[in-house]
Amino acid sequence: MAELVNIFEREFARETIFLDRNLITPHFTPQKLLFRDKYIGEISGILSKTLHGEKPDNLFIYGKCGTGKTSVTRLVMQQLLEFASAKNIPVEGNYVNCRNHNSKYRILSKIVKDFFPEEDFMGYSAAFVYEKLLEHARGKEKAGGKHIVLVLDEIDKVKDLDELIYGLTRGNDEIGSSGSISLIGISNNLMFKDRLDPRTKSSLCENEMVFPPYNAQELTEILRQRTGMAFKPDTVEESAVCLAAAIAAQESGDARTAVMLLLRAGEIADRRGSGKVTDREVMKAKVQVEEELVYNMVSTLPEQQQFVLYSIAVLSLTKKPQPKITGETEKGVLFSGEVYDEYCKIAKKHKEEIVSSRWYREYINELEMYGLIYTTASGKGIKGQTTLIKLGFDAEKIKGLIERELIEQN
DNA sequence: CCTCCACAGGAAGCGCAGGAGT
DNA sequence: ACTCCTGCGCTTCCTGTGGAGG
């Protein structure tokens, strides 16, 4: 008779090349951040004012995803708070991700709740919560005030940012000199600050910092650091690390992508039982990571925008290569106008509303921002002024993906 | 050179949903 | 419970732009 074994027994006993898988996930922040000393220095320079009882300037940090904005800020904040509490200096901090707390009220409630964990502020008015925060900064009678540093990550997601910042700036006047509230705003969208009220903008951007993408060498170093911690010795080939770094650098300079590549490559090696991460695993991981990335983006797109992307995929599959003025032919390059026509046809077939061509252009711009398509302005050889559109990923895959998405919804 | 084409993208405004104030 | 307000997604309208063609 066959032995009865718990089905997890085999999984549990399986050989793995990971020492600690968690250390090579994008969520993990190492204690030492490479190639960011300059920014760590600048930010801590600004925040050190709090240690001398002064209000630091507000700071706005911009950079694409995976450039270390959040990690650097969290690290500096953590050190600041540790130091302040060791020296008994009244400095406090709070981190808010504005994707989850996307309005003035939600942000204020979240902060106040963290400062007063024992009390419940559900249902209180925005003014009350705001007053509570000021009270906290002002401090008790003789104890003196506190210097509070608020980190607002993905600050571009806040709907009524003008009001929030106006409120907090005014709050500083009310608190007086004994305490203060200052802001660190983080965003990967530089354009968003142009939409702000000029006063908000000048207040938030007292200091500005731009985090550049990492280059291939930097990414290689970062990956070496991580593999040393996360993998067992001699399980990751040096060339595999370089390859993963090169792929990530070429695509975006995104450290998150680079880390994901090695994580998936490690998982693939485990599954195959080969006990080693080589170029082969990394190349396989590349396909997988790319698919995950695209899937995440596509599935969160509004339905109409999915139709636009779908039209681009369909057209680039059916359209014959266009002879370009330079003589060579380029595959899959589409005109903005023909994509819109195709989109109208497809949307009509699915009995969907059709968005105006103006809004369609906004969709196109967004799709480019997400990296799902590439666009170029038409030059010589093409009638009028139009945008040339090219799909950023494999047309078949995008087409299949959206078809599945749409079927799921119905 | 002028006009037309095929768009790009700014400005204003509209209807709706949801949240805040009363 | 109600009214008021505001942001969001979108439309309509409009001006601007650069190459093609006469």
Side-chain angles (χ1 to χ4, degrees), chain A residues 96 98-113 120-133 152 154-168 170 187 189-201 204 300-309 311-312 315 319 322-327 330 333-348 350-370 373-390 409:
Chain A
V96 183
C98 304
R99 187 194 289 264
N100 310 326
H101 309 271
N102 59 358
S103 72
K104 171 187 162 190
Y105 181 74
R106 282 181 197 159
I107 290 170
L108 288 176
S109 332
K110 194 258 170 191
I111 295 166
V112 171
K113 212 170 201 171
D120 191 16
F121 295 97
M122 283 296 285
Y124 283 82
S125 75
F128 181 86
V129 178
Y130 171 70
E131 201 41 55
K132 198 82 190 168
L133 176 65
L152 301 180
E154 302 196 57
I155 194 169
D156 47 312
K157 298 284 188 300
V158 183
K159 286 180 291 190
D160 44 3
L161 188 59
D162 284 323
E163 274 177 60
L164 175 70
I165 291 185
Y166 174 72
L168 291 176
R170 214 192 41 193
S187 166
N189 183 354
L190 188 57
M191 301 308 290
F192 109 96
K193 70 174 198 190
D194 296 331
R195 295 201 308 264
L196 294 175
D197 184 291
R199 278 177 314 184
T200 311
K201 196 170 148 186
L204 175 64
T300 52
L301 251 33
E303 207 180 21
Q304 291 298 317
Q305 203 165 10
Q306 289 187 11
F307 272 116
V308 171
L309 188 62
S311 316
I312 297 171
L315 266 187
K319 199 186 173 193
Q322 283 289 308
K324 274 185 70 180
I325 194 81
T326 42
E330 198 169 358
V333 175
L334 310 167
F335 297 113
S336 168
E338 64 180 353
V339 171
Y340 183 65
D341 291 343
E342 180 69 20
Y343 154 74
C344 290
K345 256 197 279 171
I346 289 176
K348 210 178 274 174
H350 285 79
K351 304 209 163 42
E352 284 288 333
E353 299 283 309
I354 295 167
V355 296
S356 66
S357 60
R358 178 69 189 85
W359 198 245
Y360 152 80
R361 266 171 254 143
E362 293 292 323
Y363 276 166
I364 290 289
N365 289 341
E366 247 180 75
L367 288 175
E368 167 161 50
M369 231 179 56
Y370 297 145
I373 59 171
Y374 300 111
T375 66
T376 29
S378 66
K380 283 182 183 178
I382 293 158
K383 53 190 171 169
Q385 192 196 27
T386 183
T387 307
L388 301 177
I389 300 167
K390 200 176 172 210
Q409 280 167 20

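Side-chain polar atoms of A:Q304 and A:Y343 form a donor-acceptor pair below 3.5 angstrom.
Looking at heavy atoms from C-beta onward, A:T376 lies out of side-chain contact with A:V333 at the 4.5 angstrom threshold. Side chains of A:I389 and A:F335 form no contact here, defined as non-hydrogen atoms less than 4.5 Å apart.
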Practice item. Before giving the answer on side-chain contact (heavy atoms from CB on, under 4.5 Å), spell out for A:V308 and A:L301 the whole-Å C-alpha distance, their side-chain angles and the decisive distance to 0.1 Å. Key: CA-CA 10 Å; A:V308 171; A:L301 251 33; over 6 Å; no
**Study point:** Worked check of side-chain contact (heavy atoms from CB on, under 4.5 Å) between A:H350 and A:I346
**Key:** CA-CA 6 Å; A:H350 285 79; A:I346 289 176; 3.9 Å; yes
Exercise for review: Applying side-chain contact (heavy atoms from CB on, under 4.5 Å), run through A:L367 and A:T375 and close with a yes or a no.
Suggested key: CA-CA 10 Å; A:L367 288 175; A:T375 66; over 6 Å; no
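Annotation: side chain to side chain donor-acceptor pair (under 3.5 Å) contacts of A:S357 (sequence neighbours excluded): A:R361. Partners of A:Q305 under the side chain to side chain donor-acceptor pair (under 3.5 Å) rule, at least two apart in sequence or in another chain, do not exist in this structure. Applying the side chain to side chain donor-acceptor pair (under 3.5 Å) criterion to A:Y374, with sequence neighbours excluded, gives no partner residue.
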Could you write out each protein N or O paired with an N or O of nucleotides 13-15 of chain B at a distance under 3.5 Å?
none

Quick one: which protein N/O atoms are closer than 3.5 Å to N/O atoms of nucleotides 9-16 of chain C? Pair and distance per line, please.
from	atom 1	to	atom 2	distance (Å)
C:dC10	OP1	A:Y363	OH	3.3
C:dC10	OP2	A:W359	NE1	2.5
C:dC10	OP2	A:Y363	OH	2.9
C:dC10	O5'	A:W359	NE1	3.3
C:dT11	OP1	A:I354	O	3.3
C:dT11	OP1	A:S356	N	3.0
C:dT11	OP2	A:S356	N	2.7
C:dT11	OP2	A:S356	OG	2.7
C:dG16	N2	A:Q385	OE1	3.4

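Per the geometry, CG belonging to A:L334 stands 17 Å off P belonging to B:dA6, to the nearest Å. For A:I364 and B:dC7, the CD1 to C1' distance is 13 Å, given to the nearest whole Å. Between A:I107 atom CD1 and B:dA20 atom P the separation is 13 Å, expressed in whole Å. Between the CZ atom of A:F335 and the P atom of B:dC5 there is a distance of 17 Å, rounded to whole Å.
Looking at A:Y360, its side chain does come within 3.5 Å of a backbone N or O of A:S336 through a donor-acceptor pair.
In DNA chain B, runs of at least 3 consecutive Watson-Crick or G-U pairs, each pair with both distances below 3.5 Å, span B:1-22 with C:1-22.
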